[in-house]
Structures are given as structure tokens and as C-alpha cells.
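Working notes for the structure below.
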Amino acid sequence: MECSWKTLLLLVCTSLGVQYTAIRSLRDSFSGPCQDFTRCQERQSKEQRWKSLCYDSHVPAESSSATARKHILLFAQTRSGSSFTGQLFNQHPGIFYVFEPLYHVQQAFTNSSSRLQRALDGKALLGAYRDLLLNLYNCDFSFLESYIRPEPQDHMTGTFFRRSSSHALCTPPVCPGGGEGILEGQPDEAWCPKKCQALNLSLASQACQARSHVAIKTVRIPEVEDLRTLSEDPRLDLRIVHLVRDPRAILASRMTAFGGKFRAWKVWNATGRQPRYVDLTQITRTCRDIEYSVETALQKPTWLRGRYLLVRYEDLAHNPEEKGKEIYRFLGVDLHHQVLRWISQNTNGTAPSSSEWNYKFSTTRDSKATAQSWRVHLNFDIVKTVQSLCNRTLSLLGYKLVQSVDELKDITKTLT
Ligand SMILES: *[C@@H]1O[C@H](CO)[C@@H](O)[C@H](O)[C@H]1NC(C)=O
Ligand SMILES: *[C@@H]1O[C@H](CO)[C@@H](O)[C@H](O)[C@H]1NC(C)=O
Ligand SMILES: *[C@@H]1O[C@H](CO)[C@@H](O)[C@H](O)[C@H]1NC(C)=O
Ligand SMILES: *[C@@H]1O[C@H](CO)[C@@H](O)[C@H](O)[C@H]1NC(C)=O
Ligand SMILES: *[C@@H]1O[C@H](CO)[C@@H](O)[C@H](O)[C@H]1NC(C)=O
């Protein structure tokens, strides 16, 4: 009796030991370029804390295997490089990628009567966002249909937002006429609806089911905390790729892309003097949202364990292949050679000239050069203001401040 007790104990211990070793070697096999950070984690300065998020995310989420369906969320802010990053998923033939479906929800809410709008506070909108994401992750397009205007007839719509950005929605079987050749470049927004005519959402749903994983890009969720219910949902295996970018670069990019809404900023940029009517709230809110999300992740809550990866756009732009591999390791999805091919074709200054493309939302360009270009496009006075409005966010993410015009314009010295 006593003997068998000891044997049992020994067995338990051995099996625990084996499990421990297995977990360790699993961890090691997930180690990426960030592994080095773990060793000196304790000694990390405040400015380096964000790097630990890179490591932590490599611990796989429980009950997850390499073949299980992953629900990927590219969680970003407007003009933070998310179109470019989204291509890492869109180019993978096993991933069904949707570009900002929440647009339709926001439109429906914004266009509803003002009385109704007041009744529906931000919480309701966030709830609707979450419901739609859950619905889409299950390849069900019925919620989305109820938000699309004009309302789809027989599940057919001609107004699916940014359909051209989704490989699966512009190729067979969803679009019989959309050949692979056309997709290499992804020119302007109009080509896919023109070539493919109306979108059959029943077919889209079937195409979604046929692919192994679903990836959704959104810039409309303010904070990672807003994703908690999705992350905890047992029906999903959520993987959040949190894309952040230097807020000074985000601002410069918004000024270029959304000129009309940034007239005051353009006056400021041209004169070096801040107009009184310039609106600082948007960039302030952007910075606060990034800061809150990263702070939440740094607390390493269990609901984010293995489900969150922080990616700085600048790091991706400078080293797209290595970062791309790291992202796929985190997802637990095999990296397809088509993704690598897209990276090598689009990040080395060999892209076709911008005039042929819808440049504003183009993803095809020299990523290294674009990541830095804000420094020659932004007046130093604006940079100083953003640095003071966003100083916590900048320091949290390890972006360096500049103290002079010369420092700003000297792009030989990076600020990352
Ligand atoms: C909402 O209203 C705007 C402006 O009136 C319009 O351009 C847009 O198409 C509308 N969107 C929907 C989904 O009805
Ligand atoms: C849309 O696709 C479904 C599923 O393949 C098909 O049954 C239906 O007829 C199609 N609708 C139209 C209008 O072509
Ligand atoms: C990028 O271009 C340089 C010079 O043209 C070339 O040497 C290098 O191999 C290219 N890198 C990739 C990843 O294509
Ligand atoms: C700001 O001004 C500079 C110099 O006048 C110009 O080159 C740049 O394009 C402007 N930036 C934006 C975002 O409009
Ligand atoms: C940010 O600026 C505020 C006000 O100027 C200052 O009190 C604070 O120490 C700064 N924070 C960081 C992280 O630099």
C-alpha cells in the first residue's frame, strides 16, 4: 500500500515534471526576436516596458492548437498603418479577411434620427460593434446585412465598404471574374465592385467557412478593454494584434488623407503658428486610447493571456519579414509563402509609382521610407504640441522626443 502510494506520488511528480518541461520547450519554440527582452525584463527601464508585451504574447493561449480556427483582430487607430498591416492577413489564402466592417454600424448609428442617437449612447454602439464581430467571426453576415444601406436585397449588395480590400470577396467563388492576376496590385477602390458586380453575402459566408481562419481589421474600437467579452467568449479563439504608431506620424498622415477636416492644422503647418480654432481633442483622444490599452495589457490580465500582441508600425516597416514571422508565431498560424512574397514585393521601394494607385489608402509602397516621412511633413511647432499632449503615450511606447527642428529633420537618426 505504502509502496504504491510512493509510486503514485512519483508518477504524479514525474508527469508534472514532464508537463513543466513541455510547457518550457513550447515557450522556447515560440520565442521570437523578442526573447532577449525576457532575460532583462526586471532591469527594463520605464521606456522599455512595452517590449515585455512582445514576449508575453508568445505564451500560447490555453486549449489552442496550430490547426484550430483563429479569430484574428487587427486592432488599430485611423492612419496607423493598418491597411498595410492588414495585407499580412489578406494575402494568406487560408485567412478570410474583412476590412473595417464596423463602418456600416457607425454609419447606421450616425444617420439615425438625433433623438434615437441620444438614446443610444456610446455603450450601445460598442455593444453593436462586439455583436457584429462575433457574428462575422462565425461567418454569419446577417447582422452586417441589417446595417448596410441601402438594405441588401436577396443578400445582394453593391455597397459593401472597401470590398476591394478583401481578397476573398473579389476572387472565385465569390467573384467568378476576379482572377488572381488582378489582385497582385490591388489598385483603386472601384475595381472590385466593377469587375465583380453586386456582392452575394450568402456566397461570402460560404467562402468564409471554407477558409481556416478569420481576420478583421478595425479602427473603431477605442480601447482593448472593450474587447474583453470577446476575448473571454469560449466560442472564439481571439488573437488581438494591437497596432500602434507614433502619434506624430498618425497626425501627419491624417492631415494628408483627410485634408478637409484638417484645414486649421494645415494653416498651422504652413505658418508655424497655432490657430485658435484648431481642434486638439482628436489626437489627444487617440493618444489616450493607445495609452489606456497598453497600460491594460502591461497589467497582464488573464483574459489577455496569449491573446495580445503589441506591434509598433515602425518596427514592422523597418523589418517586415521578421515582424511578419513574429506575428504569425503569435497567431499560431503557418506563414504562407504568398505573404512573404507580398512583403518582398511591397516593402523595398520597388512598388509601382503612386500615380497609378489610390495613394491615399494605398498599401503598396516603400514601407521604410513612409514610416519616417512625417518628419519632413510636419512643422516643428505642431510636433512640439503633440509631444506635450501625448508625452505619456510617446514615452510608454519608447518613441523619442525631438527638441529642435534639426533633430526633427535629421532622418538618419531614428526616433524609435
Ligand atoms: C449616411 O449619411 C451620409 C451623409 O448624408 C451619406 O453620405 C451616407 O451614405 C449615409 N450612410 C448610410 C449607411 O445611410
Ligand atoms: C447567392 O448565393 C447563394 C449561395 O450560393 C445562391 O443560392 C443564390 O442563388 C445567390 N443569389 C443570387 C441572387 O445570385
Ligand atoms: C531590396 O532591394 C535591394 C537593392 O535593390 C536588394 O539588394 C535587396 O535584396 C532587396 N530586398 C528584398 C527583400 O527584396
Ligand atoms: C507642411 O508644410 C510643409 C512645408 O511647407 C509641407 O512640405 C508639408 O507637405 C505640409 N504637411 C502637410 C501634412 O500638409
Ligand atoms: C508629460 O507632461 C506633463 C506636463 O508637462 C509632465 O508633468 C509629465 O511628467 C510628463 N510625462 C512624461 C512621461 O514625460
Side-chain angles (χ1 to χ4, degrees), residues 77-81 96 98 136 138-146 148 150-160 163 166 168-178 192-211 245-275 277-280 282-283 286 313 354-355 359-362 365-366 369-387 389-390 402 404-411 415:
Q77 296 84 26
T78 318
R79 309 308 295 176
S80 59
F96 186 85
V98 189
L136 289 175
N138 289 313
C139 297
D140 184 346
F141 282 75
S142 55
F143 279 32
L144 189 58
E145 276 196 39
S146 65
I148 293 176
E151 227 171 294
Q153 300 295 312
D154 291 331
H155 310 292
M156 302 291 288
T157 179
T159 53
F160 193 95
R163 178 184 177 188
S166 180
L169 297 181
C170 303
T171 45
V174 178
C175 170
C192 176
K194 227 186 301 174
K195 179 92 191 168
C196 307
Q197 265 103 53
L199 173 63
N200 182 338
L201 290 161
S202 307
L203 267 180
S205 170
Q206 286 169 9
C208 172
Q209 277 154 13
R211 296 206 177 200
R245 186 181 186 184
D246 188 325
R248 294 165 295 190
I250 291 179
L251 176 67
S253 178
R254 286 179 184 170
M255 283 169 69
T256 307
F258 314 123
K261 285 189 184 150
F262 282 84
R263 275 202 202 93
W265 287 90
K266 292 217 160 191
V267 171
W268 187 358
N269 183 57
T271 61
R273 255 176 301 163
Q274 179 178 354
Y277 47 91
V278 78
D279 179 14
L280 301 174
Q282 195 199 53
I283 191 69
T286 297
Y313 173 65
S354 60
S355 59
Y359 181 70
K360 215 160 74 159
F361 294 105
S362 170
R365 53 196 151 180
D366 181 350
T370 350
Q372 289 253 53
S373 70
W374 67 271
R375 294 173 66 180
V376 292
H377 286 300
L378 219 47
N379 188 290
F380 181 56
D381 199 57
I382 296 183
V383 172
K384 275 192 292 185
T385 302
V386 176
Q387 287 184 166
L389 289 172
C390 297
V402 293
S404 68
V405 183
D406 290 344
E407 222 183 311
L408 173 67
K409 308 290 177 195
D410 180 9
I411 57 170
L415 301 177

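Order of listing sets the numbers, starting from 1, for every ligand and every atom in it.
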Note every protein N or O atom lying under 3.5 Å from an N or O atom of ligand 4, pairing the names and giving the distance.
residue, atom, partner, partner atom, Å
ligand 4, 2 (O), Asn269, ND2, 2.4
ligand 4, 9 (O), His377, ND1, 3.2
ligand 4, 11 (N), Asn269, ND2, 2.9
ligand 4, 11 (N), His377, O, 2.7

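Polar contact check, Asn200 against ligand 2: a nitrogen or oxygen pair lies under 3.5 Å apart.
Between Asp279 and Lys261, every side-chain heavy-atom pair lies at or beyond the 4.5 Å cut-off. At least one side-chain heavy atom of Gln387 sits less than 4.5 Å from a side-chain heavy atom of Val402.
Legend: residues meeting side chain to side chain contact (heavy atoms under 4.5 Å, CB included) with Gln282, ordered by chain and number and at least two apart, are Arg254, Phe262.
Looking at Ser205, its side chain never comes within 3.5 Å of a backbone N or O of Asp140 through a donor-acceptor pair.
Taking every heavy atom of Gln206 and a limit of under 4.0 angstrom, the matching atoms of ligand 2 come to 4 (C), 5 (O). Close approach of ligand 2 to Met156 (heavy-atom distance below 4.0 Å) involves ligand atoms 12 (C), 13 (C).
With Val174 as reference, Leu199 is the one residue of Asn200, Leu201, Leu199 to meet the side chain to side chain contact (heavy atoms under 4.5 Å, CB included) rule. A side chain to side chain contact (heavy atoms under 4.5 Å, CB included) with Thr159 holds for exactly one of Pro150, Pro193, Pro152; it is Pro150.
Residue His155 does not touch ligand 2, judged by heavy-atom distances below 4.0 Å.
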Check: Step by step, would you call Thr157 with Glu145 a side-chain contact (heavy atoms from CB on, under 4.5 Å)?
Finding: CA-CA 9 Å; Thr157 179; Glu145 276 196 39; over 6 Å; no

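For Asp154, the closest heavy-atom approach to ligand 2 does not fall below 4.0 Å.
Using cut-offs of 30° and 60° for the angle between ring planes, the Phe160 and Phe141 rings count as tilted.
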